[in-house]
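These notes concern the structure reproduced below.
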Amino acid sequence: MQKITIVGLGNMGGALIRGLEKSPIRDSITVDVFDVDPGRIEAVRSGDRVKGLQSLAEVQCENNTLIFCVKPQDLPAIAQALDGRLQKTCLIVSILAGKKTATIAKELGFDGPIVRAMPNIAAVIGFAATAMCSNESCTAEHKLHAEEIFKAVGEAYWTKESLMDAVTGLSGSGPAYIYMVIEALSDGGLKMGMPRELALKLATQTVLGAAALVKHTGLHPAILKDQVTTPAGTTISALHELEERGLRSMFVNAVEKATLRSLELGKTP
Ligand SMILES: NC(=O)c1ccc[n+]([C@@H]2O[C@H](COP(=O)([O-])OP(=O)(O)OC[C@H]3O[C@@H](n4cnc5c(N)ncnc54)[C@H](OP(=O)(O)O)[C@@H]3O)[C@@H](O)[C@H]2O)c1
């Protein structure tokens with residue numbers, strides 16, 4: 001049995017434990033959980049399989065995968081409680097925005113394998129897009145284990161650490177951009193006389209369906225766009241308007257701005 005300890009049971013920690021309980025690795029792991037709020041522990045505790053810890057002093061510091069799901073500013077308090085006890089046989093997995101693997105190692109006084117991951121809020125329904133990177137102490141086995149964990153809440157891909165701020169700018173913050181798109185599309189329907197509820201349902205399903213089609217067919221979105229755009233039709237009139245107003249540039253700039261902000265936040269101690 002492989003041991004996993006999840007520290008922090010908010011949106012992300014809660015999503016991970018629920019995802020792991022449904023994942024193929026369920027029967028090969030036992031999970032310990034800890035949060036400063038005992039109510040959050042109680043909400044996910046489950047017999048011998050998911051055990052609640054009373055404090056960080058009870059964390060198993062050998063042969064364990066510790067997943068940190070707290071806010072970045074809470075890591076020093078956790079490091080203090082763990083007091084340099086973590087052995088190199090542990091794997092540290094951090095989803096803390098902006099915290100580099102080297103910073104995590106330094107704050108924890110830990111000289112072993114670390115995986116840094118950036119999931120997104122869709123983890124709560126098992127649809128996260130997660131990008132991960134690892135430090136030089138990680139073996140292929142560590143990486144496979146981390147991949148299994150994040151595949152329990154969606155899709156997971158490896159990248160290099162220098163791209164993690166861009167990951168934050170694209171898929172970390174990305175759901176918010178798409179919520180704006182859905183809201184704006186439904187406002188368009190509203191303006192054209194549709195009831196609000198119908199407009200929102202149509203806009204939501206359109207975004208979901210369009211994304212599913214890109215994924216299902218594997219075709220480049222430009223090809224799919226051309227397939228629904230007929231000469232002198234309705235779609236080309238709308239696309240012309242979107243091009244004229246710089247929709248593409250707006251999204252490129254949005255990802256760039258969020259990436260730069262993530263870089264900036266990563267520099268603040
Ligand atoms: N939410 C996202 O979309 C998203 C996406 C990618 C990455 N992340 C990263 O994921 C991390 C967690 O985000 P989240 O949205 O899940 O945050 P969250 O909902 O606030 O969850 C964090 C949990 O950790 C608890 N906590 C605080 N200090 C603790 C300690 N010393 N020991 C144990 N538990 C402690 C918090 O309790 P209190 O509330 O009482 O402080 C809270 O229950 C953040 O670092 C964030 O950067 C989040």
Side-chain angles (χ1 to χ4, degrees), residues 4-20 31-45 50-61 64 66-83 85-86 92-101 103-104 107-108 114-133 146 149-150 152-157 159 161 163-180 255 258-259 261-269:
I4 291 179
T5 300
I6 301 180
V7 179
L9 297 170
N11 294 312
M12 288 294 153
L16 273 172
I17 184 64
R18 283 188 293 276
L20 286 170
V31 186
D32 288 347
V33 292
F34 178 68
D35 193 287
V36 284
D37 178 350
R40 288 196 166 144
I41 298 178
E42 206 46 45
V44 299
R45 220 170 43 81
V50 181
K51 203 177 90 189
L53 302 180
Q54 306 272 336
S55 77
L56 287 167
E58 292 180 7
V59 166
Q60 179 176 315
C61 292
N64 189 3
L66 288 98
I67 313 178
F68 292 122
C69 301
V70 296
K71 297 281 189 221
Q73 63 271 21
D74 293 325
L75 188 62
I78 289 168
Q80 199 178 14
L82 292 172
D83 192 25
R85 287 183 293 123
L86 293 177
I92 302 298
V93 178
S94 163
I95 63 163
L96 279 59
K99 286 264 183 200
K100 294 187 175 58
T101 52
T103 314
I104 296 162
E107 285 190 23
L108 290 173
I114 301 178
V115 167
R116 175 181 168 195
M118 175 52 60
N120 66 18
I121 194 64
V124 299
I125 53 156
F127 271 80
T130 301
M132 304 169 291
C133 65
I149 290 168
F150 287 102
V153 289
E155 300 218 335
Y157 318 96
T159 187
E161 184 145 29
L163 285 178
M164 289 305 277
D165 291 299
V167 168
T168 306
L170 173 55
S171 52
S173 303
Y177 318 155
I178 303 305
Y179 297 143
M180 267 182 108
V255 174
T259 304
R261 181 67 183 139
S262 173
L263 257 168
E264 197 175 82
L265 288 175
K267 282 184 196 144
T268 42

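When a ligand or atom number is given, it counts from 1 through the structure's own listing order.
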Subject >> Residues, nucleotides or ligands: over 12 heavy atoms within 6.0 Å of Gln73 CD >> reply: yes
Original post:
Taking the minimum heavy-atom distance to atom 5 (C) of ligand 1, which of Pro119, Gly13, Gly10 ranks first?
Top reply: Pro119
**OP:** Please verify whether a non-hydrogen atom of Ala77 lies at under 4.0 Å from ligand 1.
**Re:** no
Original post:
What protein heavy atom sits nearest atom 32 (N) of ligand 1, and how far away is it?
Top reply: Phe34 CE2, 3.6 Å
**OP:** Within a distance under 4.0 Å of any heavy atom of Pro72, pick out the atoms of ligand 1 and give their elements.
**Re:** 45 (O)
Subject >> Pairwise side-chain contact, Ile41 with Leu53, heavy-atom cut-off 4.5 Å (strictly under) >> reply: no
Original post:
Numbering the atoms of ligand 1 from 1, which are under 4.0 Å from a heavy atom of Ala97?
Top reply: 45 (O), 47 (O)
Original post:
Does any N or O in the side chain of Ser171 come within less than 3.5 Å of the main-chain N or O of Val167, such that one atom is a donor and the other an acceptor?
Top reply: yes
Subject >> Donor-acceptor contact present, side-chain Ser173 to main-chain Gly169, <3.5 Å >> reply: no
Original post:
Is there a heavy atom of Ile78 sitting under 4.0 angstrom from any atom of ligand 1?
Top reply: yes
**OP:** Assess whether atom CD of Gln80 is packed by more than 12 heavy atoms of other residues, nucleotides or ligands within 6.0 Å.
**Re:** no
Subject >> Within 6.0 Å of OH in Tyr177, more than 12 heavy atoms from elsewhere >> reply: yes
**OP:** Salt-bridge test for Arg116 and Glu161: reply yes if a basic N is under 4.0 Å from a carboxylate O, no otherwise.
**Re:** yes
**OP:** Going by heavy-atom distance to atom 45 (O) of ligand 1, choose the closest among Leu16, Leu53, Ile95, Val70.
**Re:** Val70
**OP:** Between Met118, Met12, Lys99, Gln80, flag the one that comes closest to atom 3 (O) of ligand 1 by a heavy atom.
**Re:** Met12
Subject >> Taking atom 12 (C) of ligand 1 as the reference point, the nearest protein heavy atom with its distance >> reply: Cys69 O, 3.3 Å
Original post:
Any idea which part of Pro175 is under 4.0 Å from ligand 1, heavy-atom wise: side chain, backbone, both or neither?
Top reply: neither
**OP:** Give the atoms of ligand 1, by number and element, whose distance to some non-hydrogen atom of Asp74 is under 4.0 Å.
**Re:** 27 (C), 28 (N)
**OP:** Indicate, as side chain, backbone, both or neither, the part of Val7 found under 4.0 angstrom from ligand 1 when only non-hydrogen atoms are considered.
**Re:** side chain
**OP:** Provide the full list of side-chain hydrogen bond (donor to acceptor under 3.5 Å, both in side chains) pairs with a residue in residues 34-43, sequence neighbours left out, each pair given once.
**Re:** Glu42-Arg45
Do any side-chain atoms of residues 7-14 form donor-acceptor pairs under 3.5 angstrom with protein atoms, and if so which ones, sequence neighbours left out?
none

Original post:
Closest non-hydrogen protein atom to atom 41 (O) of ligand 1, residue and atom name please, with distance?
Top reply: Val36 CG2, 4.4 Å
**OP:** Could you check atom 19 (O) of ligand 1 against the protein and tell me its nearest heavy-atom contact, residue, atom and distance included?
**Re:** Asn11 N, 3.1 Å
Original post:
Among all protein non-hydrogen atoms, which one is nearest to atom 25 (C) of ligand 1, and what is the separation to 0.1 Å?
Top reply: Asp35 OD2, 3.3 Å
Subject >> Any donor-acceptor N/O pair, Asn64 side chain to Gln60 backbone, under 3.5 Å >> reply: yes
**OP:** Can you figure out which of Arg40, Lys71, Gln73 has its heavy atom closest to atom 20 (O) of ligand 1?
**Re:** Lys71
